[in-house]
Protein chains: 2
Amino acid sequence: MQNLLFNFISKYITIAEEEKNVLVSLNLFHSVKKGTVLLKEGQHSKESYFVLNGCIRTYYILDGEEKTTAFYTEMDALTPPCVINQTPSECYISCVEDSIILVSNEDMSEEVNSKFPKFDIMCRKFSEELLAKQQINFDEFKTSSPEQRYLNLLKNRPDLIQRVPQHQLASFLGIKPQSLSRLRARMLKKES
Amino acid sequence: MQNLLFNFISKYITIAEEEKNVLVSLNLFHSVKKGTVLLKEGQHSKESYFVLNGCIRTYYILDGEEKTTAFYTEMDALTPPCVINQTPSECYISCVEDSIILVSNEDMSEEVNSKFPKFDIMCRKFSEELLAKQQINFDEFKTSSPEQRYLNLLKNRPDLIQRVPQHQLASFLGIKPQSLSRLRARMLKKES
DNA sequence: TTTATTTCTTCACTTAAGTGAACGAGTTAA
DNA sequence: TTAACTCGTTCACTTAAGTGAAGAAATAAA
């Protein structure tokens with residue numbers, strides 16, 4: 001499991017054995033059960049997450065309704081807005097599946113950065129990459145209809161459609177579960 | 001005009017006179033006319049923009065139709081995805097109004113970073129902030145209807161509604177110009 | 001196993017966005 | 001000044017998403 005992390009890091013920087021040991025000594029790995037809520041609205045948090053295995057999701061509760069905004073799966077990283085802004089959280093984070101995640105908090109990352117300066121460089125590269133990815137995602141979402149979004153998802157993250165409950169998927173696509181059902185029925189008809 | 005930039009930078013780091021001079025010597029300021037296209041689909045670019053005054057927008061052309069995804073106004077910064085990914089651009093950038101913008105390219109920023117190391121720190125802080133802002137924006141967009149998005153815009157960026165053509169605004173809100181007209185008519189009725 | 005509960009689908013109906021066309025107001029060009 | 005164009009609005013019509021209810025299927029709990 002740790003090798004997954006080191007492979008990931010190697011994409012950005014070269015990492016020595018002793019540096020690996022620094023990371024291991026921090027005890028970052030956590031195993032969390034499906035349904036566990038990692039962050040609730042109103043909470044203060046300094047934690048960032050990195051998914052090694054499984055799936056977590058972010059959502060809001062607006063007018064008593066869950067609005068899912070993102071799914072994070074293998075090798076996805078997530079720093080909730082409330083951590084960066086140092087404000088109480090407006091969103092929830094929970095586990096869609098039993099997952100193995102890496103949890104780091106800001107105080108810790110300062111410690112890592114001092115023992116392991118290259119880590120800082122990696123973080124910057126990584127966050128630049130994230131920013132671009134997010135921008136593209138946003139643009140794609142804005143410029144397409146629910147149906148196109150569903151087709152995009154089928155193409156880019158087909159696994160999600162299998163592993164995530166439909167009503168969460170629907171909300172992720174910006175529609176109600178009933179509309180997603182209809183949309184799928186419509187598409188099947190067209191095919192035949 | 002340069003003071004606008006220095007004030008902005010001061011929010012992130014303290015900046016000395018000599019450092020200001022390094023920046024000024026780079027000749028970053030450009031004055032661009034309304035309608036000027038700064039970036040076209042297919043182009044390669046290493047340029048980032050910072051708006052001191054005026055308004056620029058990013059858009060895509062899909063099926064011959066313009067899809068506006070963002071407006072950047074005073075003190076907004078923009079690094080197009082193609083610059084980060086080093087791929088040909090998929091989007092266009094053009095000036096909505098006569099504007100004064102700061103144009104920097106990647107080679108230059110390396111030079112700045114070496115002469116002026118604190119700049120790097122600023123960039124990281126700034127890009128973290130951007131990432132969080134973008135995330136919140138995205139979440140807000142996803143969790144609301146066109147009407148709510150319009151109300152949000154009225155609250156958060158009322159100036160945009162005045163300074164930007166309706167059909168660009170509509171596409172920014174994810175709808176057609178006709179629908180925006182209708183939506184506004186509907187809201188006026190409700191008020192009375 | 002049986003009972004709840006959650007999840008997904010379907011239906012009828014309402015509401016809002018998409019489409020194509022037409023019109024007037026304002027701007028630009030000839 | 002006239003003609004061409006762009007822009008915003010309105011209209012009638014189509015299409016798709018929202019809503020509330022109901023039922024089937026799968027999952028979890030007793």
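Chain naming here is simple, since letters A, B, ... match the order of the sequence lines and numbering starts at 1 in each.
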For this session: Would you state whether a donor and an acceptor, one from the side chain of B:Arg184 and one from the base of D:dG8, lie under 3.5 Å apart?
Result: no
Seminar exercise, completed: Whichever of A:Ser145 and B:Pro165 has the more 5' nearest nucleotide on DNA chain D, that residue is B:Pro165
For this session: Nearest-nucleotide wise, let me know which of B:Leu183 and B:Gln178 is further upstream toward the 5' end of DNA chain C.
Result: B:Leu183
Exercise. Whole Å only: how far is the CG atom of A:Asp98 from the P atom of D:dA28?
Worked result: 11 Å
For this session: Would you kindly give the CE-to-C1' distance between B:Met187 and C:dA16, to the nearest whole Å?
Result: 15 Å
Seminar exercise, completed: Out of D:dG8, C:dT9, C:dA17, minimum distance to the side chain of B:Ser179 belongs to C:dA17
For this session: Send over the distance from B:Glu66 CD to D:dT6 C1', rounded to a whole Å.
Result: 13 Å
Problem set entry | Interatomic distance, A:Ile175 CD1 vs C:dA17 P [rounded to whole Å] | 16 Å
For this session: Verify the neighbour count for atom CD of B:Gln43: are there more than 12 heavy atoms of other residues, nucleotides or ligands below 6.0 Å?
Result: yes
Exercise. Which one, C:dG18, D:dG18, C:dC8, comes nearest to the side chain of A:Lys176?
Worked result: D:dG18
Exercise. D:dG8, D:dG18, C:dC8: which one has an atom nearest the side-chain heavy atoms of A:His167?
Worked result: C:dC8
Problem set entry | Residues in side chain to side chain donor-acceptor pair (under 3.5 Å) contact with B:Glu106, at least two apart in sequence or another chain | none
Problem set entry | Value in whole Å for how far the P atom of D:dG18 lies from CG of A:Asp63 | 14 Å
Problem set entry | Centroid-centroid distance, B:Tyr72 to B:Tyr49, less than 6.0 Å | no
Exercise. So does B:Arg182 reach the base of D:dG8 with its side chain, donor to acceptor, closer than 3.5 Å?
Worked result: no
For this session: Check whether any side-chain nitrogen or oxygen of A:Ser181 sits under 4.0 Å from OP1 or OP2 of C:dT10, and answer yes or no.
Result: no
Exercise. Between A:Lys34 and B:Gln166, who's closer to the 5' end of DNA chain D by nearest nucleotide?
Worked result: B:Gln166
Exercise. What's the CG-P distance between B:Leu180 and D:dT10, to the nearest Å?
Worked result: 11 Å
For this session: Figure out the CD/C1' separation between A:Glu147 and C:dA17, and round it to whole Å.
Result: 15 Å
For this session: Grab the CD-C1' distance between A:Gln148 and D:dA17 for me, whole Å please.
Result: 15 Å
Exercise. For B:Lys33, which residues count as a salt bridge (Lys or Arg N to Asp or Glu O under 4.0 Å) partner, sequence neighbours excluded?
Worked result: B:Asp98
Exercise. Nearest of C:dT19, C:dC8, C:dA16 to any side-chain atom of B:Arg186?
Worked result: C:dA16
For this session: Tell me, with the steps shown, if A:Glu17 and A:Lys20 meet salt bridge (Lys or Arg N to Asp or Glu O under 4.0 Å).
Result: CA-CA 5 Å; A:Glu17 279 306 317; A:Lys20 287 186 185 178; 3.6 Å; yes
